[in-house]
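Data first, discussion second: the structure below is written as structure tokens.
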Amino acid sequence: MNHFALTIIGRDHPGIVARVTKVLFDLGCNIADSSCTILGGQFAMILIISHPRFSTRESFGTAFEPIEQDGLSVFLRTLQAGGEAAPQLPGELCLISVYGSDKPGIVYPVVKELGDRQINITDLNTQLVGSPERPVYVMMIEAILPPGIPLEKLAEVMAQLKDRLQVDISVRDITPVEL
Amino acid sequence: MAVRKILCYPDPLLKMVCEPVAELNQACDTLAQDLLDTMLASGHSVGVAAPQIGVSQRMVVVDVSNSKLGRNNNHGQLVMINPEILEQSGQKSMREGCMSVPDYTGNVVRAEEILVQFLDRRGDQQAIRATGFEAVAIQHELDHLDGLLFLDRVSSLKTDLFRRKKR
Ligand SMILES: [Zn+2]
């Protein structure tokens, strides 16, 4: 069965999720993984969906047109076989908090250090908070430390960045406890 | 003495309220040993509740003494029969997972400190004050006795602290 990635974004208002999922329900689609959130004034939906008979984007026909006419952007992509399965990454889950007075160039230097070390980001969100006069930038990163990189090593790398970027950074282990 | 299979949701037993243990007999002692064996065999587990191995009775085992988070603050291996939380205070958030709900984890806020009363394996009345990770583990296991999963207690979808405050 083919899987599709469906991305929908538009000005936030109540009823978007119901509107979108009704279309999927009426088509007979299954929703596997999904994540929906408010970003700025926009509501963003990302869904991995499948259908017992649909194999290409064309199978959906004009089903999403009414949603687009409502002012939402719809993007549908066909996944390659196996693209719906989450990889099992070994390692410790950690959380990196980065925050400081808002300025350009906070995100890239931080994630570059992670990418260079093959540290996989599993979740990342950024938000501009604080007052308009004193905006504060907050970034939270969840990442999986590969077996060769201890938390202390990552903390060291981040401590250097902290000085360079003049932001606050902390790192901690958030490996879930299995009970 | 046996390692038992851990039941996974949607097994209906996991959503049932368990019966109090009526009498501390041989069957009850065997159940305690099976719970301990099962906890030990799973390696990383710090607790198992009776319904997780298919027995709808109010008994759990907890042992955080071998885990990184509980090593320095614990009461060792606990067998808790008909346990009851008498007092609780403070708040502690942890990312929890459960052997009966594979592949899913979520942030749960629980009491940081609890006073819990129970019968031990010999039938003696005990009351202990547990804190930190041990307190969290006990609360998680006791929830199983009431048919509650950590999924019923997830407190936030995000790991962040800042998001809750809206500008
Ligand atoms: Zn559990």
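What's counted below: heavy atoms across the whole structure, side chains too, no hydrogens, waters or symmetry copies. Naming: A, B, ... by sequence-line order, numbering from 1 per chain.
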### Query
Does a side-chain N-to-carboxylate-O contact under 4.0 Å join B:Asp143 and B:Arg110?
yes

### Query
Got a salt bridge between A:Asp70 and A:Arg11, using NZ or NE/NH1/NH2 to carboxylate O under 4.0 Å?
no

Proximal component of [X], with respect to chain A [non-hydrogen, under 4.5 Å]:
X: B:Glu141; result: side chain
X: B:Met94; result: side chain
X: B:Phe150; result: neither

### A:Lys112 side chain reached by A:Asp116 side chain, heavy atoms, under 4.5 Å
yes

### Task
Find out whether B:Ile6 and B:Ser100 are in side-chain contact, i.e. whether some heavy atom of one side chain is under 4.5 Å from a heavy atom of the other.
yes

#### Entry: Which of B:Ser42, B:Gly106, B:Gly97 touches chain A most, by non-hydrogen pairs under 4.5 Å
B:Gly97

